[in-house]
Amino acid sequence: MYNPQKYKSADLEEAFELMDYHPFATVITVADGEPFVSHLPLTPKKIDGGLELIGHMAKANPQWKQFAESDITAIFHGPHTYITPVWYAKDDVPTWNYSVVHVKGNAELLRGKDLVECLKDLSSQSERHWPSGWQFSIPEDLQDESLEKHIVGFRIQITDISFKKKLSQNRKPEDRAGVLKGLAGRPDEASQQVLAAMEKMYSADGEPRK
């Protein structure tokens, strides 16, 4: 990922929070020189001072067969939104503000009780953010070995992580102040999430927080 120093973040706790709240990831492997892409929810977990991801996919999806031969890249898209130059002190060009996490790692397949625990973790993460009261259970027709006939669970041991926050670091304080004010006037959730991320970095006048 192109990640200039001014946008690069080493805050692993914040990266974890982004992955946890925006778990729907783009999963990429390469086989015979060709990329293969799936879109899956992944659950980040803190293990022994490091991070790992767990997930599952349909067994009919051939990507899991590539795990033994290919490194995995998973992309987590955080909040993002359009930034209009109308908000700047002096007219310029429009841009897009966003946060994104790229991770690389190696996967191992999960079976039996490990697969069931994987599904529990995935569902509990979703119910934590979007509670519905649903209690984890597996339908009778998927009990025993039937579950493994339909899905494949996996664990990704993360070997590299890259966190990019493009949040107007390249603009002057007066421009950032205009962006903060402009985003505050937008009702959509994405703009409000970008605003919240920027407010952690800047005061209302656009100056960096210390």
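Everything numeric in this text was worked out from a predicted model, so none of it was measured. The chain is numbered in sequence order, starting from 1.
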What orientation do Tyr21 and His129 show, parallel under 30°, tilted 30 to 60°, or perpendicular over 60°?
-> perpendicular

For residues 177-200, pull every pair meeting salt bridge (charged side-chain N to carboxylate O under 4.0 Å, His left out), keeping only residues two or more places apart or in separate chains.
-> none

Calculate, to the nearest 0.5 Å, the distance between atoms CD1 and CD belonging to Ile47 and Gln157 respectively.
-> 8.0 Å

In chain order, what residues pass the side chain to side chain donor-acceptor pair (under 3.5 Å) check against Ser168, with sequence neighbours excluded?
-> Asn97

Which heavy atom of Val30 sits nearest a heavy atom of Ser70, and at what distance?
-> N-OG, 3.0 Å

What distance separates Leu119 CG from Thr43 OG1, expressed to the nearest 0.5 Å?
-> 10.0 Å

Calculate, to the nearest 0.5 Å, the distance between atoms OG and CH2 belonging to Ser38 and Trp64 respectively.
-> 13.0 Å

Considering only heavy atoms from C-beta outward, does the side chain of Tyr82 approach that of Pro94 to under 4.5 Å?
-> yes

By side chain to side chain donor-acceptor pair (under 3.5 Å), which residues pair with Asn170, not counting sequence neighbours?
-> none

All heavy atoms of Thr95 vs all of Tyr88, minimum pair found to be CG2-OH, 3.7 Å

Do you know the tightest heavy-atom contact between Leu110 and Cys118?
-> CD1-CB, 3.8 Å

Transitive ILVMFWY side-chain link Tyr7 to Met198, under 4.5 Å | no

Could you tell me how the ring of Phe154 sits relative to the ring of Phe67: parallel (under 30°), tilted (30 to 60°) or perpendicular (over 60°)?
-> perpendicular

Is Val179 linked to Leu167 within one hydrophobic cluster, defined over Ile, Leu, Val, Met, Phe, Trp and Tyr using a side-chain heavy-atom separation of less than 4.5 Å?
-> yes

Is any side-chain heavy atom of Ser191 closer than 4.5 Å to a side-chain heavy atom of Thr81?
-> yes

Look only at the side chain of Asn61 and the backbone of Gln63, and say whether a donor-acceptor pair between them is shorter than 3.5 Å.
-> yes

Report yes if some heavy atom in the side chain of His56 is under 4.5 Å from a heavy atom in the side chain of Val152; otherwise report no.
-> no

Heavy-atom check, side chain of Tyr202 versus side chain of Gln169, under 4.5 Å = yes

Counting distance only, does the side-chain N/O of Lys166 pair as donor-acceptor with the main-chain N or O of Trp96 below 3.5 Å?
-> yes

Are Met57 and Val103 connected in a single hydrophobic cluster, I mean Ile/Leu/Val/Met/Phe/Trp/Tyr linked by side-chain heavy atoms less than 4.5 Å apart?
-> yes

Quick one: salt bridge (charged side-chain N to carboxylate O under 4.0 Å, His left out) pairs with a partner in residues 59-74, sequence neighbours left out?
-> none

Please report the shortest heavy-atom distance between Leu122 and Pro41, naming the atom on each side.
-> CD2-O, 3.9 Å

Given side chain to side chain contact (heavy atoms under 4.5 Å, CB included), test Val116 with Phe136 step by step and report yes or no.
-> CA-CA 10 Å; Val116 174; Phe136 179 83; 4.2 Å; yes

Check whether Leu40 and Ile75 end up in the same hydrophobic cluster, where Ile, Leu, Val, Met, Phe, Trp and Tyr are linked by side-chain heavy atoms less than 4.5 Å apart.
-> no

For Ser99 and Leu18, the nearest pair of non-hydrogen atoms, with its separation, is CB-CD1, 3.7 Å

Separation between CG of Asp92 and OG1 of Thr84, rounded to the nearest 0.5 Å | 11.0 Å

Applying the 4.5 Å side-chain criterion to the ILVMFWY set and letting contacts propagate, would Val101 and Ile158 be lumped into a single cluster?
-> yes

Heavy-atom side-chain proximity of Tyr98 to Lys164 below 4.5 angstrom | yes

For the residue pair Ser9 and Asp11, confirm or rule out a side-chain donor-acceptor distance under 3.5 Å.
-> no

So does Asp160 have more than 12 non-hydrogen atoms from other groups sitting under 6.0 Å from CG?
-> yes

How would you list all residue pairs meeting salt bridge (charged side-chain N to carboxylate O under 4.0 Å, His left out) that involve residues 115-129, not counting sequence neighbours?
-> Asp20-Arg128, Lys45-Asp121, Glu117-Lys120

Paired with Thr29, the side-chain contact (heavy atoms from CB on, under 4.5 Å) test is passed by just one of Val37, Ile72, Thr73, namely Ile72

Sub-4.5 Å side-chain heavy-atom contact between Leu183 and Ile83 | yes

Is there side-chain contact between Val27 and Phe36, with at least one heavy-atom pair below 4.5 Å?
-> no

Between Ala74 and Leu53, which heavy-atom pair has the shortest distance, and what is it?
-> CB-CD1, 4.2 Å

With a 4.5 Å limit on heavy-atom distance, are the side chains of Met19 and Ile161 in contact?
-> yes

Taken to the nearest 0.5 Å, the spacing of Leu180 CG from Arg176 CZ works out to 9.0 Å

Output the distance between atom CG (Leu147) and atom CG (Leu115), rounded to the nearest 0.5 Å.
-> 4.5 Å

How would you list all residue pairs meeting side-chain hydrogen bond (donor to acceptor under 3.5 Å, both in side chains) that involve residues 100-112, not counting sequence neighbours?
-> Glu108-Arg155

